[in-house]
Amino acid sequence: MSALEAAVPVQPTYARQDVTLVEGAGCWVFGPAGERYLDLLAGIAVVGLGHRHPAPHAAAAVQLDRLWHVSNLYWTEPMLELAGRLSDRFGGAQTFFCNSGTEAVEAALKWARRASGKPGIVALENSFHGRTMGALAATGQPAKRAPFAPLVPGVTFARANDIDSLHRAAGPDAGCILLEPVQGEGGVHPLSPEFLAEARALADELGAYLVLDEVQTGVGRTGTFFAWEHLGTEQLGVKPDAVTLAKGLANGLPIGALLVADGLPGFEPGDHGSTFGGNPVVCAAARAVCDAIDEELLANVEERSAQLTAGLEQLGAVLEVRGRGLLLGAELDRPAAPVVDAARERGVLVGTAGERTLRLTPPLVLSAEEAAIGLETIEEVLS
Ligand code: PLP
């Protein structure tokens, strides 16, 4: 625990860095004395449009002047409009709104249980789905789960990209196969299209639902609005039954969403709920985010991804670069945490995903010049 954490009345759940940030603009954040940092982490894959982007900022400001909250006992315009945008992006879906990624996963687990009538959940080793008891039960990282056992029963784990192990993990009780298209927290490991196609086929065979956890990969992060859209272009035709979103959806305001494909059984009144879910201010911001994710922005994601990947691959200390779009992990020949500290001291914020993986999840609006600054600093730190 740092000296600052020992002195403040905040639970020490995070290995927080002793830095206070007071302002942000685009891909930059600022400390109280005007210190500036290039933000290549974006609040862990959240601030996709950059800090204080004018579109969600204006939309939230207009809504703040109209109506803040009425509960889910009534309709609000921003919530309906956002649900419409998400349905269009998905190709027909009904959304349940909540406030975080873990809540979206929790909703997905409850929905799949309700709709399939079966209790089994198949997840992957090394996955991360959140911290509530259900989402944690499906998180394939024993160290995170152990202190809180017993968790929700019925979860079996397969190895990522190992089709045999997927078959072994999925029995007739399985009602839900829950996968991250790119494992984020677990070290930035993309699932292969073949593995996802097999998961789709297996879910159909077993009468289970394929749920993709796109909390980290969604909303443009991998170069398409949903990461699964890449699979369509690879002619495997994989489409999930349900998708979870959170992080980037409202560019930093708290939101989570479960999208369930049209035509599937859904929740009934009283099955699930959230007081704040679908909050009109947050939904107004998220609607503006959805409208801002256009071809030009997605092309920038691919271009900056190629630039960062090529730059990182040239560094001697980088053994491998993994990921998709602007969800990148550089496997180092050394522990990543000291690299994060040294980069921050030189004015660049990056993160880790596992002990030796440096994680880059910058704003999707990152410019070529900003990417070059980041690469130069990482090179200095690693040389
Ligand atoms: N699912 C995935 C894939 C995540 O990456 C995360 C957070 O990192 C979560 C769920 C949990 O989201 P939250 O921290 O908003 O509860």
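For ligands, and for the atoms within them, numbers begin at 1 and follow the listed sequence.
Between Phe90 and Trp228, the ring-plane angle classifies as perpendicular under the 30° and 60° cut-offs.
Remark: the backbone N or O of Ala368 is paired with a side-chain donor or acceptor of Gln307 at under 3.5 angstrom. In this structure, Ser87 contributes its side chain and Ala93 its backbone to a donor-acceptor pair below 3.5 Å.
Looking at heavy atoms from C-beta onward, Phe128 lies out of side-chain contact with Gln216 at the 4.5 angstrom threshold. Side-chain contact check for Asp39 versus Val348: every heavy-atom pair is 4.5 Å or farther apart.
Evaluation of the salt bridge (Lys or Arg N to Asp or Glu O under 4.0 Å) test over residues 276-291, restricted to residues two or more places apart or in two chains, returns Glu81-Arg287, Arg85-Asp291.
Ligand 1 lies under 4.0 Å from heavy atoms of Ser100, Gly101, Thr102, Phe128, His129, Gly130, Glu180, Glu185, Asp213, Val215, Gln216, Lys247.
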